[in-house]
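All remarks here apply to the structure that follows.
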Amino acid sequence: MNKLLGYIQTQTGSGTMKRKLFLYMLLLLLFILLVLASMLSLMGQFKTPKDSLLETCELQQTVFQKDIQIHRNHLSMMGIHFSEDLSFGIESWLSEQHTDFSSLLNSHKKMESLEDFLFDTVHQYLMQADCSGAFFMLDTTVNTSAPNAASSKSGLYLQINGYEIDHREALCYRGSSEVAKQHGVMPHRKWKLELDSDVFWGYALAAQKASLPLDNACSFTDFIILPGMSERAMHIAIPITGTDGTFYGVCGFEVSESYFKQNFAQPTKLSHMLAALSNSYKSDQAVLTDFFSCGTTGGYYYLPKENLSVTNFSKGLSRFSDGTDSYVGVISTCEDLHGDNPFTTAIMVPEKDFTADSLHNLLRLGILLFLLVVLSVVGCIYFTHRFLVPLLRSLEQIQKGNFQAPRINMAEIDDLLDFLAQKDGETEKEIKQLQEEINRLVQTQNREINEEEYRHFKDCLANLTGKELDIFNLYLDGKTSKQIQEICAITSNTLKYHNANIYSKLGIKSRKELLTYATMMKEGKREDEARL
C-alpha cells in the first residue's frame, strides 16, 4: 500500500489536474474495496475451497457421529431390557413347565413351546427398536447329531420385511416356521431352523461378557454377510443370564446395510457426499475396510470398493482411494455410551467434485474481482466526465479570459466565473477611463507644443543615419539606455555620441522632448489608421 501511495504521489506531483483527480479517485475506490474485502475476510466469506470443505465435513461429521452414538445408545438400552425380558420369560416358562434349561437339549417340542412363549416379546422389540432384525440364540440345540451341532443354536430370529415407517412386516429368518405362522409371520425365503454361532459370532463376544453387568455387556460386531443372503449386517449382542447367573444364551438386534443406508442418509449441502461407519478401523494401518456407507437425503453417492486407503490430503483433510476413484474428507474415531465399543466415521466427497468446485469458486472469485475492477474504472470515468471534464473546460475558459462561459452547476466554479466576470468588467472600465485620460493629456500636451518645432522634428527624421534611426526607434519602444547599449552592442560613450547627433539633427534638447514628439507621432498614426 505504501508503494502504491508513493507511486501515485510521484505520478501526480507535477501532473495535470485531470490525472491527479483520476488517480486519487482510483486510490479511494481501491481503499474502499480493500476495506470491504477485509470485512468479508473477517466474516469468513473469503475461504479457500479446502477450508470450506474441512469446515463443512467436520460439521457433517459431528452430526453423523451424534446420530450413530444416539442410535447405538438406544440399541444398547433396548438390548438390556430385551435381555432382561427374555431372561424373565425363559425362567417363567421353565417354572410353568416344571423343568430346567437342560431339558431343551434335543427337544424340538419344548423348544417350539418356548419360542411360542417368547415370540411376542421378540416381535415387540423388533417393532420398537431402530433395527432391521431382533433375535435370541439359546445355549442349546434340538439336534446334537447334526454335523455342526457344536455351533448350532436354537432360537428365534425375526427380520423386518421392508423399511416403511407406517407399514412394518416381519419375516422369520431362523426358528420354528410353524410357530411363526401361528403368529401371522411368514418364513424368510432363506429360512433355517437354527442359528450357527460360528457365523453369528456376536454370540461368542456376548458369552465372554456373561458375568458382567448388562450395562457393560453389550457388544457391537463387525459386519458379516448373513447366511444365504448377499447383504451385510451388524449385530448388537447382549448375554441372557438367569437370576442365579445361569447363561441361557445371547439376544440382540440386527442393523443391515440397506437399513443403514435408508435411515442414516444425511441432510447436507455436499453433493455426492458419502458417510461411512466402521467398527474395525485401525489408524496405524491407514486402510478403511469393512464399513457401511450412506449418502445424502434425497440424493445419491458413488459407492466405493471395499478397501479405501487413507492418506493425508491437506489442512486436516484426508484422501480416500480405492485404486480407481478417490475421495476427500475427514475421518475420526469415537466411543459409545460405555466406552468399550469404539467406532470410526468418515465423511467424504469425490475428489473430482472437489476439484470442480474449487475451479468454480476460483472462476467466481475471478469474475467478482474483474467486475469490481470494471466498476472502479467505470466509476472513475463517470466521475471524470460528470465533474472533471466540465471543471477543466471552465478552467480553460478562465485561462482564455472568457468569463462569460456557460455555467456547469458547480457552485464554487460558477461563483468564481461570476467574480472574475465582475472583476473583468471593472478592469475594462478602468482601462477605458485611463485611455480617455491619456488621450486628454496628449491633447493638452499637443496644445502646449510648438507646432513649428514638431513639424521640423518630423521633417528632420530623414536626416538621421541608419544607426541613429535604429536608436531612435528603440527609444520609441520604451527601451532604456542600458538596454539599447546591449541591443546595439555599443558603449556608453558611443550612445551619448549618437544621442547628441540625434538631438542636433532633430532640433531637440532632451530625451523627454524626444519621447513627447515620438508619442505624438504614434497617436497620429493611430488616428490615420482609424480613419482608413
Side-chain angles (χ1 to χ4, degrees), residues 44 47-72 220 222-223 231-234 255-336 341-364:
K47 294 181 180 178
T48 65
K50 292 180 180 179
D51 290 336
S52 298
L53 178 62
L54 177 61
E55 181 179 340
T56 305
C57 284
E58 286 180 339
L59 178 61
Q60 195 66 51
Q61 176 84 305
T62 301
V63 174
F64 184 53
Q65 284 183 348
K66 191 68 175 178
D67 289 345
I68 298 297
Q69 285 179 325
I70 292 174
H71 182 252
R72 289 166 79 101
F220 289 83
D222 290 341
F223 309 119
E231 186 172 44
R232 297 183 302 162
M234 171 181 67
V255 176
S256 68
E257 193 166 16
S258 297
Y259 178 88
F260 182 85
K261 287 181 180 178
Q262 177 170 317
N263 288 272
F264 287 92
Q266 298 292 300
T268 180
K269 62 181 181 180
L270 292 172
S271 61
H272 306 146
M273 186 209 74
L274 181 150
L277 167 67
S278 174
N279 290 333
S280 59
Y281 174 72
K282 300 294 187 294
S283 59
D284 56 342
Q285 298 177 358
V287 178
L288 185 64
T289 60
D290 195 24
F291 58 87
F292 277 177
S293 62
C294 62
T296 62
T297 304
Y300 68 94
Y301 67 98
Y302 301 105
L303 184 65
K305 297 179 180 178
E306 289 188 7
N307 297 330
L308 287 173
S309 62
V310 183
T311 56
N312 181 56
F313 184 70
S314 174
K315 288 188 175 181
L317 293 171
S318 298
R319 176 184 278 112
F320 305 85
S321 177
D322 61 6
T324 303
D325 298 315
S326 59
Y327 304 79
V328 178
V330 295
I331 184 171
S332 63
T333 300
C334 60
E335 305 285 345
D336 62 4
N341 290 293
F343 62 94
T344 300
T345 58
I347 300 293
M348 62 190 83
V349 296
E351 187 171 0
K352 59 183 180 182
D353 285 6
F354 169 71
T355 302
D357 289 342
S358 299
L359 292 176
H360 176 74
N361 290 336
L362 185 61
L363 178 62
R364 184 173 59 182

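- A distance of 12.5 Å separates CD1 in Ile347 from CG in Leu317, rounded to the nearest 0.5 Å.
- Evaluation of the ring pair (Phe, Tyr, Trp, His ring centres under 6.0 Å) rule for Phe220 yields no partner, not counting sequence neighbours.
- Interatomic distance, Gln262 CD to Cys294 SG, rounded to the nearest 0.5 Å: 11.5 Å.
- By the side-chain hydrogen bond (donor to acceptor under 3.5 Å, both in side chains) test, Thr56 is found to be paired with no residue, residues two or more places apart in sequence or in another chain being considered.
- Every residue meeting the ring pair (Phe, Tyr, Trp, His ring centres under 6.0 Å) condition with Phe313, not counting sequence neighbours, appears here in chain and number order: Phe354.
- Within the 4.5 Å cutoff, the side chain of Leu308 has heavy atoms near those of the Phe291 side chain.
- Listed here is the closest heavy atom pair of Val330 and Gly316: CG1-O, 3.9 Å.
- Separation of atoms CG (Leu54) and NZ (Lys50) is listed at 11.0 Å; rounding is to 0.5 Å.
- Considering only residues two or more places apart in sequence or on other chains, Thr333 meets the side chain to side chain contact (heavy atoms under 4.5 Å, CB included) condition with Tyr281, Pro342, Thr344.
- Not counting sequence neighbours, His360 has no partner by the ring pair (Phe, Tyr, Trp, His ring centres under 6.0 Å) test.
- For the pair His71/Asn263, no side-chain contact is recorded, criterion being any heavy-atom separation below 4.5 Å from C-beta on.
- The heavy-atom pair separating Ser271 from Val349 by the smallest distance is O-CG1, 4.0 Å.
- Judged as a salt bridge (charged side-chain N to carboxylate O under 4.0 Å, His left out), the pairs with a partner in residues 314-333 (not counting sequence neighbours) are, in order, Asp51-Lys315, Arg319-Glu351.
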Applying side chain to side chain contact (heavy atoms under 4.5 Å, CB included), run through Cys57 and Leu270 and close with a yes or a no.
-> CA-CA 8 Å; Cys57 284; Leu270 292 172; 4.2 Å; yes
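- Atom CD of Gln60 is separated from atom OG1 of Thr62 by 9.0 Å, given to the nearest 0.5 angstrom.
- Counting only heavy atoms from C-beta outward, the side chains of Val63 and Pro267 never approach each other to under 4.5 Å.
- Taking 4.5 Å as the limit, every side-chain heavy atom of Phe260 sits out of range of all side-chain heavy atoms of Met234.
- Screening residues 287-304 for salt bridge (charged side-chain N to carboxylate O under 4.0 Å, His left out), with sequence neighbours left out, gives Arg232-Asp290.
- Qualifying salt bridge (Lys or Arg N to Asp or Glu O under 4.0 Å) partners for Glu58, counting only residues two or more places apart in sequence or in other chains: none.
- Between Ile331 and Phe320, the closest side-chain pair of non-hydrogen atoms falls below 4.5 Å.
- The nearest pair of heavy atoms linking Leu288 to Ala346 is CD2-CB, 4.4 Å.
- Every residue meeting the side chain to side chain contact (heavy atoms under 4.5 Å, CB included) condition with Ser309, not counting sequence neighbours, appears here in chain and number order: Ser321.
- For the atom pair Tyr327 OH and His272 NE2, the distance stands at 11.0 Å (nearest 0.5 Å).
- Side chains of Cys334 and Phe343 form a contact here, defined as non-hydrogen atoms less than 4.5 Å apart.
- Every residue two or more places apart in sequence or in another chain that forms a ring pair (Phe, Tyr, Trp, His ring centres under 6.0 Å) with Phe223 is listed here: Phe292.
- When the side chain to side chain contact (heavy atoms under 4.5 Å, CB included) test is applied to Thr296, the partners found at least two apart in sequence or on another chain are Thr268, Met273.
- Considering only residues two or more places apart in sequence or on other chains, Ser332 meets the side chain to side chain contact (heavy atoms under 4.5 Å, CB included) condition with Gln61, Gln65, Thr345.
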